[in-house]
Protein chains: 2
Amino acid sequence: MKKPKKEKNEDDFAPALIAASRAMVAAGMAELIACGFDSMTPALVSLMPLLDKDGVRPTALSQQARVTKQAIGQLVRELEARVYVEQLPDSTDTRAKIVRLTKRGVVLQAACAKARRKLQSVAIAKLGKSKVLRLQQDLIELAVLLEKTRTR
Amino acid sequence: MKKPKKEKNEDDFAPALIAASRAMVAAGMAELIACGFDSMTPALVSLMPLLDKDGVRPTALSQQARVTKQAIGQLVRELEARVYVEQLPDSTDTRAKIVRLTKRGVVLQAACAKARRKLQSVAIAKLGKSKVLRLQQDLIELAVLLEKTRTR
DNA sequence: CTCCGATAGTAAAGGTTCTTGACTATGTAG
DNA sequence: CTACATAGTCAAGAACCTTTACTATCGGAG
């Protein structure tokens, strides 16, 4: 008998993290829908903070979002179909494109930022501001660390 | 000009949480593959801590995992195809099934637990034990809170 | 200038995870 | 016995992302 008494927690860190992440995504989407933005998906929303009225390269997006260029290509097409972004040729490089927020897109981006802030304020109300900010910083460090550790 | 200076962070809590969660999943899968368990997927792995040598009801799994019964049904079928679980009729209820770990499944479960513990130890090495445990608790509270808040 | 490797992007196909909607069969309370 | 809830299933499809393979352009070495 390795564990005669059940030791409550033990190694439930990863499950907790994943559950919190999912809950966060669901809450964020609900928030956004409540603001009138239906037809959005989590992946599309996740791109909004990376976009810009001045335009960004798809490749830059793919690096920041840590997904393939193809994945970004698909998401950008979806955003374009919903008229939240437009794609233009990059005048400095014939191969490249520039993805730029439309006016509609700027409005959406603001709504996304507002939703994120609201969720953060919910967390702060529960856990306290300093704790949440520390938590945020710890999560970032943890993500960086885990990517390095990746048992290569 | 609402924000003349860029205030570094602001509302990056949700993105940080999601990124950390993804990194955790990726690291966990890499760990498991390194232990010789290929052919697993994140969703299947996430079910392992909920399973049991004595057997559990699919419905119970679906409640704990917070997904539909159909989703559990699919995942259990996959685990069964890989011979990590077997399904038996529940003698106390003709409608119900019992999902039970096979010997192979018990071994896998142990490997999953080990991988989770390893990742947790990585986090502890970076952030400190008390901090990680507090983080874990905070994440659980946060998830509960967010599910209640869901802007109904 | 030409050639070549690196970079930007695209196309197609498929894997994984999960949901909705519709349905069957059994249990249970009144 | 009827009525409703519960256990589980099937089918279809949405969402997200990857791999493989490809085209076109860029930019430097010679």
Side-chain angles (χ1 to χ4, degrees), chain A residues 15 18-19 21-23 25-26 28-30 32-33 37-48 50 55-82 85-100, chain B residues 15 18-19 21-23 25-26 28-30 32-33 37-48 50 55-82 85-100:
Chain A
I18 295 165
S21 169
R22 285 190 179 207
V25 170
M29 291 308 295
L32 218 45
I33 287 171
F37 296 92
D38 53 343
S39 93
M40 278 295 122
T41 69
L44 296 183
V45 171
S46 76
L47 240 43
M48 297 310 296
L50 309 180
V56 197
R57 290 258 190 93
T59 292
L61 292 175
S62 85
Q63 286 164 347
Q64 293 179 258
R66 300 186 167 280
V67 296
T68 60
K69 287 186 295 179
Q70 292 90 322
I72 291 297
Q74 289 171 32
L75 296 175
V76 167
R77 264 193 297 282
E78 300 260 350
L79 286 175
E80 196 177 27
R82 290 159 171 75
V85 302
E86 52 195 357
Q87 300 192 64
L88 310 169
D90 183 334
S91 54
T92 74
D93 186 339
T94 320
R95 296 170 303 174
K97 282 183 177 176
I98 293 290
V99 180
R100 201 171 62 179
Chain B
I18 294 164
S21 170
R22 286 189 178 209
V25 169
M29 291 309 295
L32 218 45
I33 287 171
F37 296 92
D38 52 343
S39 93
M40 280 293 122
T41 69
L44 297 182
V45 171
S46 76
L47 240 45
M48 296 311 295
L50 310 178
V56 198
R57 291 258 189 89
T59 293
L61 292 175
S62 85
Q63 287 164 348
Q64 294 178 258
R66 300 186 169 281
V67 297
T68 60
K69 288 187 292 180
Q70 292 92 319
I72 291 296
Q74 290 171 33
L75 296 174
V76 168
R77 263 195 298 281
E78 300 259 352
L79 285 175
E80 197 177 27
R82 290 160 171 75
V85 302
E86 51 196 357
Q87 299 193 64
L88 310 168
D90 183 334
S91 53
T92 74
D93 186 338
T94 320
R95 297 170 301 175
K97 283 183 177 177
I98 293 289
V99 181
R100 201 171 63 178

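All heavy atoms count here, side chains included; hydrogens, waters and symmetry mates do not. So you know, we letter chains A, B, ... as the sequences are listed, proteins then strands, and number each from 1.
- One cannot find a donor-acceptor pair under 3.5 Å joining the base of C/dG9 and the side-chain atoms of A/Lys97.
- A/Lys69 has its NZ atom 17 Å from the P atom of C/dA12, to the nearest Å.
- Taking atom CD1 of residue A/Ile18 and atom C1' of nucleotide C/dT16, one finds them 15 Å apart after rounding to whole Å.
- A donor-acceptor distance shorter than 3.5 angstrom exists from the side chain of B/Arg82 to the backbone of B/Ser39, with no hydrogens or angles considered.
- Look at CD1 on A/Ile98: it is 8 Å from P on C/dG9, rounded to the nearest Å.
- Atom pair B/Gln63:CD and D/dT6:C1' shows a separation of 11 Å (rounding to whole Å applied).
- Closest of all the heavy-atom pairs between B/Ala43 and B/Leu75 is CB-CD2, 3.8 Å.
- Contact check, B/Thr94 against D/dA7: no side-chain N or O comes under 4.0 Å of OP1 or OP2.
- Atom C1' of nucleotide D/dG8 and atom CG of B/Leu88 are separated by 15 Å, given to the nearest angstrom.
- The CD atom of A/Gln74 sits 13 Å away from the P atom of C/dA13 (whole-angstrom rounding).
- Considering only side-chain N and O atoms, A/Arg57 lies nowhere under 4.0 angstrom from the phosphate OP1 or OP2 of C/dT7.
- When heavy atoms are screened at a 4.0 angstrom cut-off, A/Asp93 is found touching the sugar-phosphate backbone but no base atom.
- Comparing A/Thr59 and A/Arg22 by the nucleotide of DNA chain C whose heavy atom lies nearest to each, the residue mapping closer to the 5' end is A/Thr59.
- Across all their heavy atoms, B/Pro58 and B/Val99 have their closest contact at CG-CG2, 3.9 Å.
- The two residues A/Ile98 and A/Gly55 have their closest heavy-atom pair at CG2-CA, 3.4 Å.
- One can place CG of B/Leu75 at 6 Å from P of C/dC18, the figure rounded to the nearest angstrom.
- Checked by distance alone, B/Gln70 brings no side-chain donor or acceptor within 3.5 Å of a matching partner on the base of C/dT19.
- Nearer to the 5' terminus of DNA chain D, by closest-nucleotide assignment, is the contact made by A/Glu78 (compared with the other of A/Glu78 and A/Thr68).
- Within residues 38-46 of chain B, the residues approached by DNA chain C to less than 4.0 Å at the level of any non-hydrogen atom are B/Thr41, B/Pro42, B/Ala43, in residue-number order.
- We find that B/Asp90 and B/Lys97 are not joined by a salt bridge, their nearest charged nitrogen and carboxylate oxygen being 4.0 Å or further apart.
- The CD1 atom of B/Ile72 sits 15 Å away from the C1' atom of C/dT16 (whole-angstrom rounding).
- For the side chain to side chain contact (heavy atoms under 4.5 Å, CB included) with B/Leu47, the qualifying choice from B/Leu79, B/Val56, B/Val85 is B/Leu79, the only one to do so.
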| request: Just do the side-chain contact (heavy atoms from CB on, under 4.5 Å) check on A/Arg57 and A/Leu61 with the steps written out, would you? | output: CA-CA 6 Å; A/Arg57 290 258 190 93; A/Leu61 292 175; over 6 Å; no
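- Applying the 4.0 Å criterion to OP1 and OP2 of C/dT10, one finds that A/Arg95 has every side-chain N and O outside that range.
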